[in-house]
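Every chain is numbered from 1, with letters handed out A, B, ... down the list of sequences.
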Amino acid sequence: MPELPEAETIVRGLASRLPGRTITGVHVKHADVLPGLTPAAFGRALRGRRFEAVERRAKKVVLRLDDGRRLVVNLGMTGGLVLSRSPRAAEATHVAVRLDLDDGEQLLYDDARRFGRLELLDPEGWERKHAALGAEPLADDFTGKVLFELTQRSRTPIRNWLLDQRRVAGVGNIYAAEALFRAGIDPARPAKTVTRRQATKLRDALRDVLAESIAARGTTISDFRDEQGEAGAFARWLRVYGREDEPCVKCGRPIVRAVLANRSSFFCRHCQR
DNA sequence: AACGCGCCCTGTCCGC
DNA sequence: TGCGGACAGGGCGCGT
């Protein structure tokens, strides 16, 4: 489900609401979302803590606490953070973890498939995690030159390359497909065959599609909801993802689905070379 | 050592 | 209507 724009949508929603509020209770319904931590230890660590800031790194929602630690939420495929007083909060039907807040509202971690994970990291642990992640595609220093140089050592298909979070962080299957379409690049092309000029086009396409999706509050295919439980609106602007056999918006030929590294890849054979 | 692959888990949809 | 199979936005651990 959530890639960078969806995580960013949740972060922006929570950033104006969470800081300053204190966790008064912790309820763990599905301990499998807490790797290496018992529910009791998780509860002890969080109870009494105040939220200080809400940030994003890659596809992760980072909730900074007043003791310097961070609750790092990896949303997996179907994870979401929803505030219980939102009109649509009742649609959070797979709540794995519930945090009670001092004003009586609750922050719900909802995740049907439970591929998501909640980690509690001290500053050093977070620094290690942060360092293991690649470039932020929306950062000022993510230039065409940087992307070009990063790609030149890898023979893996450029679509797979984009999904590797150690290189560029935050891009998933939807936005990889959309950016490659906009840049006119075949998803199966070995990364190192992308030219300098194409790298710049790809960089621009990535930033454009991610920014446009954030402006639309993310892509909801079926599961994604923001912190109020609302769907994102970007799905209608997708040009290739999920559009197998539909006409290409540029040339009218059918969009093709091919499997690369066990995951669907959508593209136009004519417009992407 | 850079890859691809299977798997984690639940829900939904499609063909029979 | 029921049932099996395919598929889904992610990412870890494994083997090669």
Side-chain angles (χ1 to χ4, degrees), chain A residues 1-10 29-36 56-61 72-81 91-97 109-119 128-130 132-134 137 150-181 187-193 206 209-210 212-214 216-226 231-245 257-266:
Chain A
M1 154 183 105
E3 305 182 30
L4 185 157
E6 292 73 35
E8 180 67 21
T9 297
I10 290 173
K29 190 166 175 196
H30 288 290
D32 48 0
V33 303
L34 307 176
R56 180 191 60 74
R57 172 73 167 112
K59 306 171 185 175
K60 301 174 195 304
V61 176
V72 178
V73 183
N74 185 328
L75 299 159
M77 290 279 256
T78 52
L81 288 164
E91 291 167 28
T93 50
H94 296 80
V95 175
V97 174
Y109 177 67
D110 187 66
D111 190 349
R113 292 175 73 179
R114 300 198 304 282
F115 283 177
R117 295 291 180 262
L118 274 55
E119 287 181 286
R128 259 179 275 125
K129 181 133 298 202
H130 173 75
L133 291 164
L150 285 171
T151 54
Q152 292 310 294
R153 288 179 153 246
S154 174
R155 293 171 296 104
T156 203
I158 185 68
R159 197 289 309 257
N160 301 356
W161 190 92
L162 285 169
L163 296 189
D164 187 335
Q165 301 299 297
R166 296 168 302 182
R167 292 152 170 164
V168 176
V171 180
N173 210 17
I174 293 179
Y175 301 106
E178 295 298 309
L180 288 167
F181 175 76
R189 282 254 307 276
K192 67 191 311 180
T193 69
L206 278 167
V209 73
L210 294 170
E212 288 168 28
S213 181
I214 290 168
R217 302 188 59 82
T219 298
T220 298
I221 305 292
S222 59
D223 298 293
F224 173 68
R225 297 292 183 275
D226 68 14
F234 195 68
R236 61 170 301 206
W237 301 106
L238 298 176
R239 300 179 192 171
V240 287
Y241 184 84
R243 297 190 68 242
E244 184 180 14
D245 296 335
R257 182 176 81 94
V259 176
L260 280 180
N262 275 337
R263 309 189 65 184
S264 292
S265 169
F266 298 91

Do the side chain of A/Ser222 and the base of C/dG9 come within less than 3.5 angstrom through a donor-acceptor pair of N or O atoms? yes

So for A/Arg263 and C/dA8, does any side-chain atom that can act as donor or acceptor lie under 3.5 Å from a complementary atom in the base? no

SB check [X] [Y] (cutoff 4.0 Å):
X	Y	value
A/Glu6	A/Arg217	no
A/Arg167	A/Asp164	yes
A/Glu3	A/Lys59	no

Residue matched to B/dC9 through Watson-Crick or wobble contacts both under 3.5 angstrom: none

Counting side-chain heavy atoms from C-beta on, which of C/dG11, C/dG9, B/dG11 comes nearest to A/Ala112? B/dG11

Rounded to the Å, how far apart are [X] [atom1] and [N] [atom2]?
X	N	atom1	atom2	value
A/Arg113	C/dC7	CZ	P	13 Å
A/Phe224	B/dT12	CZ	P	19 Å
A/Glu178	C/dG9	CD	P	13 Å
A/Leu260	C/dA8	CG	P	12 Å
A/Glu244	B/dC14	CD	P	13 Å
A/Lys29	B/dC9	NZ	C1'	15 Å
A/Asp32	B/dC8	CG	C1'	9 Å
A/Gln165	C/dG9	CD	C1'	12 Å

Any base atoms under 4.0 Å from [X], or only sugar-phosphate, or nothing? Heavy atoms, all strands.
X	value
A/Pro157	sugar-phosphate
A/Asp111	nothing
A/Tyr175	nothing
A/Arg166	nothing
A/Thr220	base
A/Asn160	sugar-phosphate

Contact under 4.0 Å: [X] side-chain N or O vs [N] OP1/OP2:
X	N	result
A/Ser264	C/dC7	no
A/Arg114	B/dT10	yes
A/His94	B/dG11	yes
A/Thr156	B/dG4	yes
A/Lys59	C/dG9	no
A/Ser154	B/dC3	yes
A/Asn262	B/dG4	no

Please give me the minimum heavy-atom distance between A/Leu260 and A/Pro157, naming the atom from each residue. CD1-CB, 4.3 Å

If the C1' atom of C/dA6 is compared with that of B/dG6, how far apart are they to the nearest Å? 16 Å

If you measure from the P atom in B/dC9 to the same atom in C/dC3, how many Å do you get, rounded? 23 Å

May I ask you to decide if A/Val209's main-chain N or O and A/Ser213's side chain share a donor-acceptor pair within less than 3.5 Å? no

Looking at A/Val61, is its backbone amide N or carbonyl O close enough to the side chain of A/Arg57 to form a donor-acceptor pair, meaning the two atoms are under 3.5 Å apart? no

Go through the side-chain N and O atoms of A/Arg159 and A/Asn173 and say whether any donor and acceptor fall under 3.5 Å apart. yes

With the criterion set at under 5.5 Å between ring centres and under 30 degrees between planes, would B/dC8 be stacked on A/Phe115? yes

